[in-house]
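Please read the structure below before turning to the comments.
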Amino acid sequence: MSEHYELRCRECGRRWGNEPRTICDDCLAPLEITYDLEAVRDTFTRERIAQRPANLWRYIELLPVPADHQPLLPVGFTPLVEAPRLGKHWDAPHLFVKNDAVCFPSLSFKDRVVAVALVQARTFGFDVVSCSSTGNLANAVAAQAAQAGLSAWIFIPSDLEAAKIVGTEVYGARLVRINGNYDQVNRLCAQIADRYRWGFVNINLRPYYAEGSKTVGFEIAEQLGWRLPDNVVVPMAGGSLITKIQKAFNELIELGLVESKRVKFFGAQATGCSPISTAVKQGQERIQPQKPATLARSLAIGNPADGYYAIKAIRSSGGWAEDATDAEIVAAMRLLAEREGIFTETAGGVTVAVAEKLLAQGRIQPRETTVLCITGNGLKTTEALAEEFVESEAIEPRLAAFESYMAEALAAAPVPGD
Ligand SMILES: *Cc1c(COP(=O)(O)O)cnc(C)c1O
Ligand SMILES: [Zn+2]
């Protein structure tokens, strides 16, 4: 092969070179990128990586982009922060938050997958990029297409949050709202991809896109001081992210950048759309598709493309999956904000609520190192909190008015403490 990476069938192993393709014609299984790890062993070292700028391109050898690619956007390398106050609340002292709520440029982990997919969209000569999206992917494609000077066609279910719609249109992307759920949108997009020569980041470019998710795993390992955690809790929509964090850890182990260690992967879904967590809990190997009905719109995929592999990743690691109701999601969003000052969207509420359940079940041990993947920003899903806070009455700009206001407010709700 001319590059050190290429497509390979996940089941029969047939190699397909590099082209816009997602499934193997021989056995219809999905394709995944495979690397010639020996070819990068000398340059992909802790020391060299440390000297590179703090963005996801510091892991370029393990991303499917041409070696001479000149990265433009500083995507990724979001903070991994300790979460001591949440940890105290749960009696789990070694808790970390990987905070992609502040990912550049569009405030979700989807910026990572799009950064990689657009490089290949260019390489393959697409002038139009496109996606089916539950919201964050729409924002990420629209923003990065604008920066790259590509036109973008974005397809979404019609019921998305207002901020995700404005946060797509503002970049000049063409936004198509579909009367239907994500799975119907995605089916339409597959038909469009057959008819038009467009680069659909999560359809014909999907294997390249998916590799971008690995950078969450690379960063967690590097930010822990080139060490793997005991547990990772990951929200699941299509089920790709969780499998790619595992792939990232395995590649680091194989290249000797971290010590080999068994990391347990825990998947998190919303109860109203839980095809993957349900399969794990019921001991099934395959997904039963569901009709989504959840506040967590970014995770509302009833027939997840990588569900089968997500189940495998969770099981083989010794992990588990759980799901959270709408009320639990909202409570968990507030808990993370109040305890750690991190405002996450509904998907992050799913992660936090599920982590709490897994600790209570004893599936996550409190003394272990656990990383919660917070994948999106709360300002995009303020609708979820609409019932939580009543608009306070405005007062006159006078000290006396403030003092009577304060007395009333403190009587109604004493100062929160530990
Ligand atoms: C897309 C998305 C996910 C899940 O990603 P998959 O790889 O499809 O499982 C998680 N969180 C947020 C905020 C997302 O937008
Ligand atoms: Zn095959």
Side-chain angles (χ1 to χ4, degrees), residues 8-11 13 22-24 29-35 37 62 98 100 109-110 112-113 202 206-221 224 228-255 258 260-270 273-289 299 301-323 347 350-351 354-355 357-358 361 363-364 368-375:
R8 185 164 68 180
C9 175
R10 294 188 77 148
E11 296 303 325
T22 34
I23 59 164
C24 173
L31 304 180
E32 185 174 61
I33 304 290
T34 184
Y35 296 82
L37 292 181
L62 294 185
K98 179 59 174 161
D100 269 14
F109 101 92
K110 293 295 198 312
R112 302 172 181 274
V113 291
N202 55 340
R206 188 171 180 87
Y208 297 94
Y209 150 108
E211 290 292 292
S213 292
K214 284 193 319 193
T215 58
V216 175
F218 294 149
E219 291 173 17
I220 289 171
L224 286 174
L228 298 182
D230 298 304
N231 310 300
V232 187
V233 186
V234 188
M236 303 184 293
S240 176
L241 174 62
I242 192 166
T243 66
K244 294 300 165 173
I245 296 176
Q246 189 180 52
K247 186 171 191 258
F249 289 172
N250 289 338
E251 288 172 354
L252 293 179
I253 291 170
E254 195 160 339
L255 286 171
V258 295
S260 179
K261 170 172 177 178
R262 180 170 158 128
V263 179
K264 290 185 181 160
F265 285 84
F266 293 93
Q269 293 209 290
C273 182
S274 52
I276 306 176
S277 65
T278 300
V280 169
K281 292 200 287 192
Q282 297 183 349
Q284 285 152 1
E285 250 182 58
R286 306 248 164 213
I287 297 294
Q288 295 283 352
L299 303 182
I301 297 184
N303 190 10
D306 292 293
Y308 171 75
Y309 292 103
I311 296 167
K312 263 176 95 161
I314 292 166
R315 279 240 185 80
S316 66
S317 75
W320 193 244
E322 260 298 349
D323 41 76
V350 169
T351 301
V354 161
K357 288 189 185 184
L358 294 166
Q361 293 168 3
R363 294 188 189 272
I364 291 180
E368 294 173 337
T369 299
T370 299
V371 177
L372 309 181
C373 292
I374 296 303
T375 46

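Listed here is the closest heavy atom pair of Leu299 and Ala237: CA-CB, 3.8 Å. Across Pro235 and Ala347, no two heavy atoms sit closer than the pair CB-O, 4.1 Å. Taking both residues in full, the closest heavy atoms of Val258 and Ala221 are given as CG1-CB, 4.2 Å, listed atom of the first, atom of the second, then distance. Closest of all the heavy-atom pairs between Cys373 and Thr351 is O-OG1, 3.3 Å. The shortest heavy-atom contact between Pro275 and Gly302 is CG-O, 3.6 Å. Of all heavy-atom pairs spanning Glu322 and Lys281, the tightest one is OE1-NZ, 3.1 Å.
For the atom pair OH of Tyr309 and CZ of Arg10, the computed distance is 5.0 Å after rounding to the nearest 0.5 Å. One finds the OG atom of Ser213 at 7.5 Å from the NZ atom of Lys110 (value rounded to the nearest 0.5 Å). Taking CG of Asn303 as the start and CD1 of Ile301 as the end, the distance is 9.5 Å to the nearest 0.5 Å. Here the CD-OG distance, from Gln288 to Ser274, works out to 11.5 Å after rounding to the nearest 0.5 Å. From Leu358, atom CG reaches atom CH2 of Trp320 across 10.0 Å, with rounding to the nearest 0.5 Å. Atoms CZ and CG, on Phe266 and Leu372 in that order, are 11.5 Å from each other to the nearest 0.5 Å.
The pair Asp230-Arg262 does not meet the salt-bridge criterion, since no charged nitrogen lies less than 4.0 angstrom from a carboxylate oxygen. One finds no salt bridge joining Lys357 and Asp323 here, because no Lys/Arg side-chain nitrogen approaches an Asp/Glu carboxylate oxygen to under 4.0 Å.
Residues passing the side chain to side chain donor-acceptor pair (under 3.5 Å) test with Arg363, sequence neighbours excluded: Gln361. Every residue two or more places apart in sequence or in another chain that forms a side chain to side chain donor-acceptor pair (under 3.5 Å) with Asn202 is listed here: Ser132, Tyr182.
No side-chain donor from either of Arg206 and Thr22 sits under 3.5 Å from a side-chain acceptor of the other.
Distance alone, capped at 3.5 Å, is enough to place a donor-acceptor pair between the Ser317 side chain and the Ile314 backbone. Checking side-chain atoms of Glu11 against main-chain N and O of Ala29 turns up no donor-acceptor pair under 3.5 Å.
Side-chain contact between Leu62 and Leu37: present, with at least one pair of heavy atoms (C-beta onward) separated by less than 4.5 Å. The shortest distance between side-chain heavy atoms of Ile276 and Asp306 does not fall below 4.5 Å. Within the 4.5 Å cutoff, side-chain heavy atoms of Ile364 are placed close to those of Val233. The shortest distance between side-chain heavy atoms of Asn231 and Val371 does not fall below 4.5 Å. Within the 4.5 Å cutoff, the side chain of Ile220 has heavy atoms near those of the Pro229 side chain. A heavy-atom distance below 4.5 Å is not found between the side chains of Glu32 and Arg8.
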Criterion side-chain contact (heavy atoms from CB on, under 4.5 Å) on Lys244 and Arg112, from CA distance to verdict
CA-CA 12 Å; Lys244 294 300 165 173; Arg112 302 172 181 274; over 6 Å; no
Distance-only donor-acceptor pairs under 3.5 Å for side chains of residues 246-255, two or more places apart:
unit_1	atom_1	unit_2	atom_2	d
Gln246	NE2	Ala313	O	3.4
Lys247	NZ	Ile33	O	2.8
Lys247	NZ	Glu211	OE1	3.2
Lys247	NZ	Glu211	OE2	3.0
Lys247	NZ	Glu251	OE2	3.2
Asn250	ND2	Gln246	O	3.4
Glu251	OE1	Lys214	NZ	2.8
Glu251	OE2	Lys214	NZ	3.4

